[in-house]
Amino acid sequence: MKNSYTPGSVIFFLSIIIFFILGLALAPDQAFAQKPGTEEPNVQEQNPVMHPKISLLDKEGKVIKDESGLISTERTCGQCHDFQYINKHNNHITPIVKADCLVCHFKEGKIGEDYTAAHLRIRLPADENCAQCHGLVHTGTDPLYIPDDYEQYLEYKEGKKYYDISRHTGVILGAQNLSNSALNLKNKKQLHFPWDVHSHRQMSCISCHFIGNDPRFCGNIPPSLDHLIMDPRKIKSPGEILKRPDHNLKFTSCTCCHNPLKVHKNLPYKKRHMEVLSCESCHVADIYGPAFRAVDRTVVKTDGTPRIEYRGVEESQSHGSSISTKYFVGFRPFLFPHPFQPGPGNTNEKNPPRQYKISPFNLVTYWYWISRTTGQPVPDSLLQKAYLGDSPGQYAEDIVKTFDTNHNRVVDSRELVLDSQEKIRLIREKLEKLGAADPVIKGKIQAYKIHHGVMELLHIKRDCSGCHAPAAKFGQEVILADSHPLGILPEFSSDLFPLINGNITQDNRGQVLLKRTTSLTGHYVFGHSRIRWIDRLGYWIFILVLLGILIHGMMRCLSALKHPPHRPPSKKVYMYRFYERLWHWTMAGGIILLALTGLEIHHTGTFAFFGLEYAVAIHNTLAAILVINAFLALFYHLTTGEIRQFFGFNREFIKETVVQVFYYLHGIFKGAPHPIRKTPERKLNPLQQLTYIGLLNILLPFQVVTGILMWGVEKWPLWSEKLGGLTYLAPIHYLGSWLFLAFLAVHIYLTTTGHTVFSNIRAMITGYDEVAEDEPPEEHRKMMEMKFLDLVGTIISKIVKKEKPLPVEQGATEENHE
Amino acid sequence: MGAGLMAVLVAIPLWLFLPRSTARVTKDPWASITKERMHMDHSPFFPRAFHQPQEVTAACLECHPRAAKDLMKTAHWKWEGEPVYVYGHSEPMPIGKKNLLNNFCIGIRGNWANCTACHTGYGWGDDSFDFTNPENVDCLICHDWSGTYVKGDKGLPKAGVDLLLVARSVGFPKRDNCGICHIYGGGGMGVKHGDLDNTLVNPTEDIDVHMGKHRLLCIDCHKTQRHNIKGKAYSVSVNHENGIYCTDCHEESPHKDRRINSHLSAVACQTCHIPTYAKKAPTKMDWDWSKAGDLSREEDPHHYLKIKGEFVYDKNVVPEYAWFNLKSYRYILGDPLKPGEVTYLNRPMGDITDKNARIWPFRIHRARQPYDKAYNYLLPPVTAGEGGFWSEFDWDKALRLGAEISHIRYSGQYGFAETHMQWPLSHMVSPSHQALQCFHCHGENSRMNWKALGYEGDPEKFGARVLDTVPAAPPIQVFPGKNKKGGRL
């Protein structure tokens with residue numbers, strides 16, 4: 001276990017302490033066993049079980065004696081609860097909204113109403129209370145539909161419903177399955193999951209949005225010292241909390257109840273995903289509710305509401321005037337990195353959360369008239385007068401004349417947009433006449449983060465390629481609006497904004513789009529992020545190598561026809577021992593599979609062989625096997641002394657190298673024999689020595705270290721960050737893999753330069769190679785005897801003058817062989 | 001050898017570390033279902049026309065000699081079961097449709113000719129019917145595929161039925177064969193069962209997933225060996241011997257979510273998977289015999305008939321829920337009742353403290369039927385039979401004749417008592433995505449009356465029932481791993 005205390009013991013400890021609080025504070029409506037409507041109204045009796053009987057007082061403090069008396073919450077509730085304190089610490093009492101006690105704590109509470117003593121039942125806020133402003137909420141078993149006032153009162157107005165969650169994000173807080181709703185959804189018959197899984201699982205708004213000093217909620221009493229989990233001195237007594245509940249509501253984070261590290265099996269880089277992504281990014285995958293996309297308040301419909309475009313709705317297939325009959329195809333929220341504020345439950349993390357987390361958003365674009373002189377938006381009443389004149393419900397004459405471009409005497413939805421200078425001028429004039437000072441049109445984009453509407457797990461598909469692919473979710477194009485006032489493109493609103501990487505453009509159909517650049521600054525996403533020039537460099541190295549091999553091979557074929565190859569008598573020699581072959585082929589096979597899986601990870605989407613999940617698992621496993629294999633091989637070479645083969649440099653080494661190079665570039669086409677004979681004591685020619693030293697001691701460790709650091713981003717992120725993080729490590733690792741592949745190509749090709757074309761490979765499998773029995777050629781001996789500079793000169797002259805090689809002499813000695 | 005070693009070295013770590021799928025091994029529900037049923041065309045076997053139905057039976061028995069004798073051991077022939085102990089009676093007694101009262105048409109005694117149109121035999125017109133004679137077995141009622149076989153009084157085929165055509169068409173029983181009787185019981189389509197009506201003959205998936213989506217026949221669940229058809233109806237039985245269970249095909253804990261599986265010790269499968277009954281066609285909910293006989297009222301088979309009284313029909317009905325341990329009480333002829341109180345004809349046994357009991361969905365039929373005011377027991381009237389209420393509209397006469405035939409005393413004073421019958425539902429199983437969700441039972445719009453079931457309140461808040469004895473199903477830990485210290489949180 002990583003923590004010293006199990007979650008179980010923590011919860012057990014807390015539950016003992018809060019036992020009293022539970023008993024007193026948990027006061028749901030106790031009418032389970034009774035059918036509603038059977039109670040007799042009683043002036044003195046409220047909810048009989050959990051809330052104690054109290055006297056109802058009016059604003060003078062006198063006891064109310066009959067049903068019609070108006071209750072004063074300050075006096076009545078203030079008998080036990082500290083009214084002043086609560087109102088001072090209440091984020092529902094603002095200059096705009098004043099929600100006092102009974103708005104939330106009473107079944108039929110509504111803002112702005114006065115309460116009489118009839119039917120008063122005090123309870124904890126239920127979803128219906130919150131739904132007055134934060135709708136849409138659907139409890140109950142009747143099929144869900146969208147209420148008729150959904151598009152009205154876009155500005156909060158006391159007493160009217162204001163559906164901010166649903167309008168801004170499209171989320172409906174309902175327990176019912178989508179397939180049982182009354183909405184017209186695409187593939188409705190297959191949508192057997194609830195609108196919001198937490199609502200379905202019997203949670204309510206207050207399960208996550210809680211009183212500021214409620215100790216029950218995780219991490220709400222954060223410890224002051226590192227060695228503490230929580231500080232019991234900070235827990236207020238039940239009486240204190242009931243007397244002064246801090247109504248600056250807080251909200252839990254997902255990790256208050258869920259432990260993501262315990263689940264998400266088979267997710268590679270689990271902690272990393274949790275650090276980079278907010279839970280909602282994957283768990284709110286699709287939204288089917290009525291989310292706004294654009295609100296065009298520069299125009300007005302006949303009922304006085306602005307023109308509203310919905311996201312995830314196919315207008316062409318929507319018939320009927322009600323919103324409920326629109327054809328909802330659903331949409332995927334847009335992922336943006338956002339400054340992350342950890343909720344109360346995140347204080348126990350060892351690694352502090354990254355500054356930015358990728359979260360899902362909905363973008364709503366607003367167009368509105370604003371007075372340039374006062375800086376205030378033009379009020380709705382002026383707009384309604386401008387469009388509807390004195391007769392509500394129909395447009396004024398001049399509006400119809402200007403807007404009705406197809407002359408059917410009706411301003412339909414396609415015409416109701418200020419897409420011509422004429423229309424803009426007309427409205428501007430009318431507004432000025434009505435008293436607006438210098439009105440202009442502005443467009444503003446608001447981003448709303450999505451927290452609700454979590455989908456049921458069974459219906460979320462594991463969509464790795466949503467992000468790990470060239471065309472990822474966070475690079476997708478966002479349609480901001482279908483049509484817009486002429487010439488006005490919207491701007492991002494400045495407050496609390498995610499990092500948007502893109503341009504706002506307009507396509508030729510008049511749609512306003514946000515074209516995002518696909519790079520996610522600061523993050524490296526496998527399969528998606530890439531550095532183009534490294535990709536290209538890798539390809540070119542490999543292609544050029546392949547080309548070289550092709551040419552060399554063709555030339556050898558042609559020359560073999562002209563000069564039959566040198567085939568002296570040979571004997572079979574046991575060249576490669578069992579372990580050498582074992583480690584060679586394990587290495588070979590491992591590297592090939594690593595390259596294959598690595599390519600698949602980098603090019604997810606274009607190249608799929610195992611599937612991303614399997615590719616990652618195979619890559620990691622094989623990497624570990626290979627590292628072990630390499631170390632064991634190193635151990636073998638050191639203890640048996642075979643390391644000499646690689647690092648044995650004799651005095652003639654440079655000359656030998658030159659001769660070997662000359663052989664490959666010239667001698668091999670003339671059918672000449674190898675300059676250096678392969679024996680069990682010397683299996684590697686100088687070029688091989690150099691290459692393998694470079695490969696095994698530079699490239700391989702380099703690849704291994706970068707690979708380990710990339711894997712270590714999960715386990716020891718600080719080390720990886722020190723070296724630049726994935727943004728540096730990954731491209732280097734990738735380039736290294738191309739070098740490996742280039743080596744592989746050359747290596748395999750050069751195995752064909754042995755005694756016969758396949759003798760080298762056969763030797764590496766069986767262990768037995770053919771070694772020439774005759775004397776090494778005179779020419780080579782002579783070349784070895786020359787001084788270095790003379791040797792170079794001879795070679796150059798040979799190449800330039802194309803002299804025939806010296807004839808082979810018999811009986812030459814083998815002095816200079818070792 | 002080296003290659004093998006290398007393969008092993010690589011394969012083992014890969015096998016250890018590759019991602020596994022989390023699919024569980026499940027019981028295949030199709031394992032016990034016959035997918036292809038053999039049908040032998042019987043047309044060449046019957047060369048000559050049949051004049052008597054018994055001739056057909058004799059012809060069947062030529063090749064199927066055991067069939068009649070086998071059938072005669074079962075309740076489809078005898079219309080009663082093996083002797084059982086009924087609560088409140090010290091001696092075991094054979095009970096069945098033959099001798100029991102219900103609150104639909106009440107009883108067959110005296111009305112045999114009419115009622116035995118659904119008997120798998122010919123000629124049962126009165127008490128003297130010979131139950132030992134195999135010649136009177138009716139094979140065709142269950143095996144007819146022509147769709148033309150109709151039975152009338154005393155179980156004899158109606159005039160105009162071409163017995164040869166019917167005999168040639170025979171095959172294994174399909175849904176409409178069983179349905180001929182089980183769908184039309186109680187005097188009309190869909191009157192009695194609530195979960196059996198003619199929408200099940202060719203149902204859609206929504207009506208019944210087994211019969212609609214998977215095209216199962218009755219006999220796929222009601223498996224039959226030698227004419228012994230498995231299955232028990234609690235209208236005429238008091239226990240579940242030879243009954244069928246969902247777990248005959250489905251596994252014990254089939255849900256992916258452990259929290260749903262943790263309901264299984266207290267909630268029957270049917271409760272969640274039959275959210276409503278009489279989904280498309282209405283069923284009779286209420287039958288008031290006391291209103292019968294009013295010749296001035298307008299007749300309508302769904303509201304009022306002079307012979308029967310006043311009815312209430314309803315469709316897409318939410319069931320009522322009660323504890324049930326697969327045994328029931330039964331009102332037997334002559335049992336005392338308390339006037340003014342509801343008499344439960346077949347009340348389910350079991351309560352919250354019974355470890356074998358689960359919450360089941362019930363179709364409840366409420367009626368007002370004749371009883372003897374002096375002796376305080378229910379009276380079986382003669383309705384269809386001679387001198388019965390349906391011909392003479394005279395309760396006193398009908399009840400006197402009925403009492404005579406049933407050998408009980410009739411005081412001459414009759415009244416109408418409120419009776420309920422509770423039929424546990426097992427048909428019209430909805431597809432799984434239409435099953436009850438959490439909020440159907442827990443929460444404000446709950447269809448459960450927790451207090452009536454014996455709970456303090458919603459078990460989601462107050463906890464599940466605590467049984468004194470070791471529960472039948474093992475307690476399912478919803479949060480495994482917390483049990484290390486012993487006991488649940």
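Owing to the predicted nature of the structure, the values given are computational and were not obtained by experimental measurement. Chain identifiers are assigned alphabetically (A, B, ...) following the order of the sequence lines, protein sequences preceding nucleic acid strands; residue numbering begins at 1 within each chain.
- Proximity to chain B (any heavy atom under 4.5 Å) is restricted, for A:Asn180, to the side chain, taken from C-beta onward.
- If you tally non-hydrogen atom pairs under 4.5 Å between each of A:Leu622, A:Asn620, A:Ile618 and chain B, the highest count goes to A:Ile618.
- The salt bridge (charged side-chain N to carboxylate O under 4.0 Å, His left out) test applied to B:Arg465 returns no partner, not counting sequence neighbours.
- Annotation: the span from B:Tyr277 atom OH to B:Asp197 atom CG amounts to 12.0 Å, rounded to 0.5 Å.
- Ring-centre distance between A:Tyr614 and A:Phe609: not below the 6.0 Å cut-off.
- Aromatic rings of B:Phe362 and B:Phe324 (six-membered ring for Trp) have centroids within the 6.0 Å cut-off, being under it.
- Interface with chain A: from residues 430-439 of chain B, residues B:His433, B:Gln434, B:Gln437, B:Cys438, B:Phe439 qualify, criterion being any non-hydrogen pair under 4.5 Å.
- Aromatic ring centres of A:Trp711 and A:His619: separated by at least 6.0 Å.
- Looking at A:Ile625, only its side chain comes within 4.5 Å of chain B, counting heavy atoms on both sides.
- Listed by chain and number, the residues in a salt bridge (charged side-chain N to carboxylate O under 4.0 Å, His left out) with B:Arg368 are B:Asp286, B:Asp288, B:Glu418 (sequence neighbours excluded).
- Listed by chain and residue number, A:Arg462 satisfy the salt bridge (charged side-chain N to carboxylate O under 4.0 Å, His left out) test with A:Glu613 (two or more places apart in sequence, or in another chain).
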